[in-house]
K.L.:
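My questions will all concern the structure given below.
Here is how names work: the chains are called A, B, and so on, in the same order as the sequence lines, proteins then strands, and each is numbered from 1. Both backbone and side-chain heavy atoms feed into the values below; hydrogens, waters and symmetry mates do not.
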Number of protein chains: 2
Amino acid sequence: MAFAIYEEQFRYFLKRNNLKFTKERREVIAAIAIQRNHFNAEDIHQQLKKQKSNVSLATVYRTIPLLIGSGLMTETTYGGERIIYEKIYNKPHHHHMVCINCGKIIDFTCPDVEIVQNDICQKNFFLSTEYRLEIKGYCQTCRKKMKNKKMNRTFIQEFK
Amino acid sequence: MAFAIYEEQFRYFLKRNNLKFTKERREVIAAIAIQRNHFNAEDIHQQLKKQKSNVSLATVYRTIPLLIGSGLMTETTYGGERIIYEKIYNKPHHHHMVCINCGKIIDFTCPDVEIVQNDICQKNFFLSTEYRLEIKGYCQTCRKKMKNKKMNRTFIQEFK
DNA sequence: TTGTAATTGAATATCATTCTCAATTACATT
DNA sequence: AATGTAATTGAGAATGATATTCAATTACAA
């Protein structure tokens, strides 16, 4: 499974940065390896408890930047109450559609965006490390609810 | 100037939603009208003080969703400590490059992205209300600093 | 084995944003 | 113009995710 590769990549990162590979960090990786598509800090902590691990939430938060720095995961969407992460190992680069009614996140890939992005960065002498196209709106399910007026809209507003 | 139009649009929105046009809300609009490209809740509050207005920070926060709902402004980038807003009146739709070293935000327009976005939404039966392409990386200035190793990098990491 | 800098858990701090509540106010209706 | 009522306000307190402090522990290079 992917776990061994996760650990290898993480150990390499730690060594390069003069950081230690602790029991706690190993357990956090194991917890990450098991996560689904999208998860947050608390999800990791819950998984640790399931694993009978006593790694504290503080350590989870301390480990997150290391996991991102080592290239094992990335932030997905912000804007909600919590930051949502996802693993990136062996996953093609993709973007997100977020339903503003139910919170559902839909992944999609789009090679065209990369071309556009390269072009823009070159023109602006910008060195890109990350780019994302994020679409907000209403998913298929919630559009149906809209017709029945069962949705969470706060204000009356037109759609473009 | 744009202020009168701002107010008209806002009053219309309030009326449609059975909300009141108060002295405080008028003052907040005046404060918004003066803001630069990118600003946050605290910036609005500071501007109110400059205007000798006593509108509280709580009211600023309460007014923000109304301003967004009425189409006067929008969230720009999250991910930092605070939410950054920008006015959208008379401003072409655009995207952002954010320097992860100095925090600089560079606007850019890109008509191609709209085409891509429409296509994806149609395929997924998604009703888009908003979309953004966000590029993170290093701006021209910070790239030069990188060569002199004067940058804020936290971890040693390769660039793609 | 040892020295030392990194790491940990627990508790506490931070700090942007939201909420509570009693007093005030806008404004539709008379 | 007066009235009724629901919306709004400021002040302060609450919230809650994330970060930090500190003393005790631990990884690991030498």
K.L.:
Which heavy-atom pair separates B/Ile120 from A/Phe108 by the least distance, and what is that distance?
P.N.:
CD1-CE1, 3.2 Å

K.L.:
In terms of side-chain heavy atoms of A/Ile83, which of D/dC28, C/dT17, D/dT18 is nearest?
P.N.:
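The listed nucleotide nearest to A/Ile83's side chain is D/dT18.
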
K.L.:
Choose from C/dG9, C/dC19, D/dT8 the nucleotide whose nearest atom is closest to any side-chain atom of B/Arg25.
P.N.:
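Looking only at heavy atoms from C-beta outward on B/Arg25, the closest nucleotide is D/dT8.
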
K.L.:
Whole Å only: how far is the NE2 atom of A/His45 from the C1' atom of C/dG9?
P.N.:
10 Å

K.L.:
Going by side-chain hydrogen bond (donor to acceptor under 3.5 Å, both in side chains), A/Glu86 matches just one of A/Gln35, A/His94, A/Arg36. Which one?
P.N.:
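For A/Glu86, the side-chain hydrogen bond (donor to acceptor under 3.5 Å, both in side chains) test succeeds with only one of A/Gln35, A/His94, A/Arg36, which is A/His94.
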
K.L.:
Report the nucleotide, chosen from D/dA27, D/dT20, D/dT9, that has the shortest atom-to-atom distance to any side-chain atom of B/Glu24.
P.N.:
D/dT9

K.L.:
Establish whether the base of D/dT26 is bridged to the side chain of A/Arg26 by a donor-acceptor pair shorter than 3.5 Å.
P.N.:
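In this structure, the two groups form no donor-acceptor pair.
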
K.L.:
Taking the side chain of B/Leu57 as its heavy atoms from C-beta onward, which of D/dT8, C/dG9, C/dT17 lies nearest to it?
P.N.:
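So the nucleotide nearest the side chain must be C/dT17.
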
K.L.:
Just so I know, are the side chains of A/Leu72 and A/Ile32 near enough to count as touching, which here means a heavy-atom distance under 4.5 Å?
P.N.:
no

K.L.:
For DNA chain C, whose closest nucleotide is more 5', that of B/Asn40 or that of B/Arg11?
P.N.:
B/Asn40

K.L.:
Which of these nucleotides, D/dT8, C/dA10, C/dC27, is closest to any side-chain atom of A/Ala58?
P.N.:
C/dA10

K.L.:
Could you tell me the separation between the CD atom of B/Glu27 and the P atom of C/dT25, rounded to a whole number of Å?
P.N.:
13 Å

K.L.:
Measure from the side chain of A/Thr22, starting at C-beta and using heavy atoms only, and say which of C/dT7, D/dA7, D/dG12 lies closest.
P.N.:
C/dT7

K.L.:
When you get a sec, tell me which of D/dG10, D/dA7, C/dG9 is the closest nucleotide to the side chain of B/Lys20?
P.N.:
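Nucleotide nearest to B/Lys20's side chain: D/dA7.
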
K.L.:
Round to a whole Å and report the spacing from CG of A/Asn54 to C1' of C/dA10.
P.N.:
13 Å

K.L.:
Would you mind reading off the distance between B/Lys23 atom NZ and C/dT25 atom P, rounded to a whole angstrom?
P.N.:
9 Å

K.L.:
How many whole angstroms separate atom CG of B/Leu14 from atom C1' of C/dT25?
P.N.:
15 Å

K.L.:
Looking only at N and O atoms, is any donor in the side chain of B/Arg82 or the base of C/dT14 less than 3.5 Å from an acceptor on the other one?
P.N.:
no

K.L.:
Can you measure A/Ile64 atom CD1 to D/dA19 atom P for me and round it to whole angstrom units?
P.N.:
8 Å

K.L.:
With a 4.5 Å heavy-atom cut-off, do A/Lys87 and A/Tyr6 have their side chains touching?
P.N.:
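In contact.
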
K.L.:
How close or far is atom C1' of D/dC28 from atom CG of A/Asn18, stated in whole angstroms?
P.N.:
11 Å

K.L.:
Contact class for B/Ser56 vs. all strands (heavy atom < 4.0 Å): base, sugar-phosphate, or nothing?
P.N.:
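Touches a base.
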
K.L.:
In whole angstrom, give the distance that lies between atom CG of B/Leu66 and atom C1' of D/dA7.
P.N.:
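Value for this atom pair: 11 Å.
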
K.L.:
State whether A/Tyr61 places a side-chain N or O below 4.0 Å from either non-bridging phosphate oxygen (OP1 or OP2) of D/dT18.
P.N.:
yes

K.L.:
Give the intermediate values and the outcome of side-chain contact (heavy atoms from CB on, under 4.5 Å) for residues A/Asn40 and A/Asp43.
P.N.:
CA-CA 5 Å; A/Asn40 60 38; A/Asp43 293 330; 3.3 Å; yes

